[in-house]
**Student:** 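This is the structure I want to talk about, given as structure tokens.
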Amino acid sequence: MRRSSVLAPLAVLALIGAARPDPALAQSDFAVSGVVADTAGAGLNGAMVVALAKPDSVLTRFTTTNGEGVFVLGDLRPGEYVLQVTLIGHGTIRQDLTVTGENVNVGTIQLEVMAVEMDPLVITLDHVPFLNRRDTLGYNAGAFRTRPNATVEDLLRQLPGVEVETDGSIKAQGEDVENVLVDGREFFGSDPKIATRNLPAEAVDRVQIYDKESDMAEFTGIADGEEERTINLELKEEARTGYFGRMAGGLGADMQGTPVSPGFGESVAARLPGDPGAATGNGLPYAGALTLNRFSPTTQLALIGNANNVNQAGFGWGDVISFTGGMDILRGGGGDFVGGRDDGLTETVALGLNASRDFGEDNWVRTSYFLSTVDNFQNETRRQEQLLGTDVSSLVDRATRTETDNASHRVNLNSQFTFSEGHDLRVRGNLNARNSLMDRVDFQDTRSGTGQFQTTASTDYEVDNDNLGGNARLTWRKRLNDNGQSLVAEARVNLSDSDRFTDLASIVEGTQRNSRAQSGDLFQEQTNTGQTLTHSVRLSMTQPLAERAVLEIYGERSATAEDEDQSVFDIGPTGRTPNDLLSSGFERSYSYLRGGFRFNRTSEAGRLVLGLRVQNSDLHGTILDRDETIANGYTHILPNADYRLQVSDTRTVNFRYSTSTREPRMTDLQPFVDNRDPLRIRMGNPDLRPEYTHRLRGEYRFFDTFSFVNLFTFANVSYTTNDISQSRTVTERGVQTISPVNLGQSLSASGGASFGTPLRWMGAQLDLNYRLSYSSSTEFVNQVENRNQTLGHTVGIELENRAKEDLDARAGAKLSFSNVTYSLNEELNEDYLNSTLYASADVYLGSWTLGTEFNYRLYDQDLFGPGRNVALWEASIRRMILNDRAEIRLVAFDMLGQNQGVTYTNSPGFIQERRVESLTQYVMLNFTWYLGSRSTSGGGVGGRSGGRFRR
């Protein structure tokens with residue numbers, strides 16, 4: 001049995017066992033009794049009586065008074081408490097309570113009548129961290145401590161079941177978060193990182209996580225399978241009026257120490273221009289930022305600005321990736337962009353304006369504009385262990401230097417107009433204009449599995465890419481009669497126009513000549529232009545049935561038209577010569593007809609949705625210069641089901657089953673040759689068929705109000721037929737030609753659990769996390785089937801103190817076990833472990849705060865031989881000045897001079913380690929001025945100076 005499959009479950013059991021309380025700590029319990037009365041002495045029925053444990057105000061026991069106002073709180077251990085009494089229409093009473101070695105009678109507690117009634121739920125949940133509902137999981141931000149000057153992203157990192165990666169991407173209960181709303185309103189469109197990285201944690205009262213339905217589903221009232229995992233930030237009342245923000249600037253100096261080389265492959269990296277081992281920087285370190293928010297009950301205005309060269313982006317990287325033309329210039333080996341401090345050197349300038357206005361309850365407008373420029377430099381080395389056949393493998397050393405200049409303009413609009421009750425129109429629109437310039441130099445050495453030299457290749461290409469795109473959506477609803485029968489229609493359009501110019505030069509030595517080019521040495525100019533237009537119309541009728549049930553019948557037609565042209569010219573001594581073999585044009589159109597029904601039934605405890613649709617699709621394609629056509633038609637039956645049950649106030653269960661199809665992408669179908677990597681040539685396949693996928697997801701949430709024990713679990717299974725995978729043809733010297741093909745079935749599964757509990761005997765909070773992932777897919781290598789299976793376990797443990805008035809400290813570890821197998825060549829099977837140890841602490845000394853953070857990443861030494869682990873240490877000292885209106889902060893980053901980006905990738909064809917020369921040692925002095933009617937100096941509720949709003 002392999003190490004990962006044994007150690008991971010044992011580690012989970014050991015961690016859970018460590019969280020069990022010691023029976024020896026059990027003590028005798030006592031009762032607290034009394035009477036709640038009005039000012040006239042009459043007993044009050046139904047008053048809520050709560051015992052909150054000191055010093056962290058944990059809800060220990062609660063009860064309500066009887067008809068005479070009498071209450072009894074049982075099972076209280078000796079200790080210090082706060083006794084809280086609330087009742088609608090009356091003022092709240094809080095008083096200290098001490099339980100020693102006997103029962104306690106507190107006598108009569110009198111409540112005064114208030115002129116304005118208050119919601120008792122808000123009062124009784126002041127110190128409860130979770131609020132569990134059928135569709136929504138809520139977190140009380142006040143129950144989770146954050147550092148001074150913290151952002152919402154820092155707050156989210158503290159929430160059980162929520163994962164925030166180093167690039168700012170968020171997962172909640174295992175699903176990617178696609179939207180972050182502020183008081184239910186969009187904030188700078190659909191980029192969640194703008195809200196999480198620019199809003200202060202202190203302004204947030206509650207965090208809600210739920211699946212936001214599409215506009216169509218909101219109008220029909222029936223889930224349509226297009227839900228997006230969404231976070232809604234409920235602001236404190238003080239933040240909803242007036243304005244707040246901050247203005248910050250910092251200037252630093254490099255601490256020139258030992259240069260940090262990306263890693264192995266020094267012989268290859270030495271051929272890069274310049275000195276590949278130098279600790280290259282962006283010049284003098286600087287950072288400046290401005291955030292200004294003006295909120296009211298009907299209006300939200302936000303202005304943000306950001307300029308720095310220390311890899312601090314206050315927005316998402318989606319725009320940067322989208323206009324790179326599908327290349328991996330800004331991606332890790334697995335196709336994931338790593339945009340944090342350890343992925344190259346980045347200089348950013350951004351400016352954005354967001355405006356939202358409510359004109360009554362059902363009429364509103366949300367709009368935003370965002371400008372960003374991102375200049376990125378990466379000096380990286382990669383080592384790959386490649387599968388090339390039944391007994392053939394290779395080891396690839398690769399060094400790359402990449403510079404990119406990127407600019408993006410983005411405009412968003414979302415509005416709703418209500419003509420009368422039940423008669424609405426919603427309009428959405430987005431417009432994007434992007435440009436990217438890239439210069440890339442790449443050197444690669446390939447050796448056989450036995451160490452014999454095979455090939456060396458050098459590639460230099462420059463790319464200029466422009467993209468203009470936009471989309472619009474109109475959703476209309478009209479109620480037809482008083483029983484709720486409605487007609488809902490939706491129209492969508494999406495347009496994209498791209499233009500890419502590439503200058504390519506490559507030299508390959510020690511291998512056969514490239515059969516798809518005139519020689520082994522390539523000097524080319526390539527021009528790619530493409531346009532895509534998609535439009536659809538959907539009509540739906542909903543009919544209410546008995547017992548809270550609704551039936552929807554709908555039909556939809558959509559069509560997509562795409563065309564792309566590629567012109568290639570060989571550059572030689574006589575000038576530019578057209579390359580007819582590589583030049584081509586391609587057009588395709590997809591049209592769909594869909595029809596079906598959905599049945600929805602709701603109750604106080606849950607919701608059930610059952611649906612079925614039939615989809616007919618037709619593909620027509622033309623290869624312009626070859627007089628070839630493609631014509632295919634498909635019919636699919638697509639069922640779906642969604643069941644959600646609120647078992648109790650503390651338990652929720654969700655199940656979802658869905659089916660979908662995925663048509664081949666334009667780049668998969670078009671028969672163009674992509675030879676920018678001379679050793680991995682790519683070509684499309686016009687004969688591809690659509691994938692058909694079944695997905696099953698389950699969730700279980702539990703929170704104990706008394707003990708504060710919480711458990712969040714999820715499981716996903718995905719099964720795909722007609723899986724679009726790849727077929728690789730490999731020559732004796734390792735030159736590969738790769739094409740997409742349909743290869744039967746693929747299976748993937750993932751699951752996880754987050755468990756948290758207070759350890760009151762040591763004044764700490766313990767959080768345990770476990771993640772499991774499995775994938776199985778097929779590819780062909782020289783017409784022989786290879787089945788790749790990847791199994792991963794990730795185990796995490798974190799411990800933090802609960803009383804944070806003077807100290808906020810946490811420490812933890814994350815262990816990632818990976819097992820990779822190949823049916824074609826078992827000699828390449830790998831089993832490895834990577835791990836991370838981390839710790840952080842803030843010490844509050846009046847107006848001074850001392851902070852430090854340490855992160856130590858350890859990488860398996862057996863996979864690619866001995867390598868360098870990475871230790872990242874940061875320290876800071878800050879002081880509040882000018883009556884807490886400003887802050888001075890001195891920070892030292894990467895004090896050990898070891899920072900670099902490291903990414904491990906498993907794929908059907910290779911295992912890869914990628915190392916990137918990254919931002920390293922500097923010190924910076926920052927000054928922050930807090931604007932408006934509030935101070936974010938406390939960054940949430942942590943720290944002695946935090947948690948205050950000024951009026």
Side-chain angles (χ1 to χ4, degrees), residues 268-274 323-330 377-379 398-406 435-446 454-467 497-530 563-586 623-626 666-667 670-684 731 733-739:
V268 182
R271 300 202 294 270
L272 291 172
F323 55 55
T324 57
M327 297 173 291
D328 66 341
I329 59 174
L330 289 177
F377 171 86
Q378 291 188 8
N379 182 26
R398 186 172 181 177
T400 306
R401 178 162 293 182
T402 306
E403 295 183 60
T404 58
D405 298 329
N406 312 281
N435 171 261
S436 175
L437 300 173
M438 184 200 68
D439 185 2
R440 181 170 188 170
V441 181
D442 182 278
F443 290 93
Q444 178 174 318
D445 283 348
T446 304
Q454 288 183 316
T455 61
T456 181
S458 64
T459 306
D460 185 353
Y461 55 86
E462 299 178 359
V463 178
D464 185 350
N465 189 29
D466 292 288
N467 185 281
D497 188 292
S498 63
D499 188 351
R500 187 180 73 218
F501 175 81
T502 303
D503 236 340
L504 170 65
S506 70
I507 300 174
V508 181
E509 300 176 358
T511 183
Q512 299 174 348
R513 291 181 179 270
N514 184 346
S515 61
R516 301 188 179 278
Q518 293 180 351
S519 71
D521 300 341
L522 291 180
F523 301 93
Q524 292 181 341
E525 290 181 358
Q526 302 178 355
T527 300
N528 294 74
T529 60
D563 67 83
E564 184 166 342
D565 293 292
Q566 175 171 283
S567 300
V568 179
F569 295 87
D570 292 322
I571 309 300
T574 60
R576 299 166 72 248
T577 304
N579 187 320
D580 295 330
L581 184 63
L582 298 182
S583 301
S584 186
F586 185 72
I623 305 173
L624 298 180
D625 57 347
R626 302 183 189 179
M666 186 73 164
T667 53
Q670 61 195 18
F672 300 160
V673 173
D674 184 349
N675 61 350
R676 285 170 292 175
D677 184 341
L679 300 182
R680 292 174 63 86
I681 302 165
R682 300 180 182 273
M683 186 173 65
T731 68
R733 294 293 185 177
V735 177
Q736 304 181 51
T737 301
I738 304 170
S739 294

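In this text the structure is predicted, and so the values were computed from the model without any measurement. Residue numbers start at 1 and run along the sequence shown.
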**Student:** For S458, what residues pass the side-chain contact (heavy atoms from CB on, under 4.5 Å) criterion, not counting sequence neighbours?
**Tutor:**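 By the side-chain contact (heavy atoms from CB on, under 4.5 Å) rule, S458 matches F443, I507.
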**Student:** Quick one: side chain to side chain donor-acceptor pair (under 3.5 Å) partners of E462, sequence neighbours excluded?
**Tutor:**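 Partners of E462 under the side chain to side chain donor-acceptor pair (under 3.5 Å) test: none.
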**Student:** Apply the side chain to side chain contact (heavy atoms under 4.5 Å, CB included) test between N435 and each candidate in D405, N465, N467, D464; give the one that qualifies.
**Tutor:**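 When D405, N465, N467, D464 are each tested with N435, the side chain to side chain contact (heavy atoms under 4.5 Å, CB included) holds only for D464.
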**Student:** Take D563 and T529 through the side-chain contact (heavy atoms from CB on, under 4.5 Å) test and state the conclusion after the steps.
**Tutor:** CA-CA 8 Å; D563 67 83; T529 60; 5.9 Å; no
**Student:** If I take atom CD from residue E564 and atom CZ from residue F586, how far apart are they, to the nearest 0.5 angstrom?
**Tutor:**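 Going from the CD atom of E564 to the CZ atom of F586 covers 10.0 Å.
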**Student:** When you measure from the side chain of S739 to the backbone N and O of M683, does any donor-acceptor pair fall under 3.5 Å?
**Tutor:**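 Such a contact is found between S739 side chain and M683 backbone.
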**Student:** Which atom names give the shortest non-hydrogen contact between D460 and R440, and what distance separates them?
**Tutor:**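 Here D460 and R440 meet closest at OD1-O, 3.1 Å.
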**Student:** Applying side chain to side chain donor-acceptor pair (under 3.5 Å), can you list everything that pairs with D499, at least two apart in sequence or on another chain?
**Tutor:**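 So D499 forms no side chain to side chain donor-acceptor pair (under 3.5 Å) with any residue.
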**Student:** Please round to the nearest 0.5 Å and tell me the distance separating atom CG of N379 and atom CZ of R401.
**Tutor:**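 One finds 4.5 Å between CG of N379 and CZ of R401.
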**Student:** Quick one: does any side-chain atom of S583 pair with a main-chain N or O of V568 as donor and acceptor, under 3.5 Å?
**Tutor:**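 At least one qualifying donor-acceptor pair exists.
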**Student:** For residues Q524 and D503, report the shortest heavy-atom separation together with the two atoms involved.
**Tutor:**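 Heavy atoms only, the tightest pair is O-OD1, 3.5 Å.
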**Student:** Has the side chain of Q566 got a donor or acceptor atom that lies under 3.5 Å from a matching backbone atom of L582?
**Tutor:**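 The answer is yes, because a donor-acceptor pair under 3.5 Å joins these two groups.
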**Student:** Please report the shortest heavy-atom distance between T502 and Y461, naming the atom on each side.
**Tutor:**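 Looking at all heavy atoms of both residues, the closest pair is CG2-CB, 4.2 Å.
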**Student:** Using distance alone, with no hydrogens and no angle criterion, decide if S436 and N406 have a side-chain donor and acceptor under 3.5 Å apart.
**Tutor:**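 Yes, a side-chain donor-acceptor pair sits under 3.5 Å.
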**Student:** Between Q378 and T400, does a side-chain contact (heavy atoms from CB on, under 4.5 Å) hold up when you go through it step by step?
**Tutor:** CA-CA 8 Å; Q378 291 188 8; T400 306; over 6 Å; no
**Student:** Measuring from T402:OG1 to D442:CG, what's the distance to the nearest 0.5 Å?
**Tutor:**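 The distance works out to 8.0 Å.
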**Student:** Please identify each residue that fulfils side chain to side chain donor-acceptor pair (under 3.5 Å) with E403, with sequence neighbours left out.
**Tutor:**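 Here no residue qualifies.
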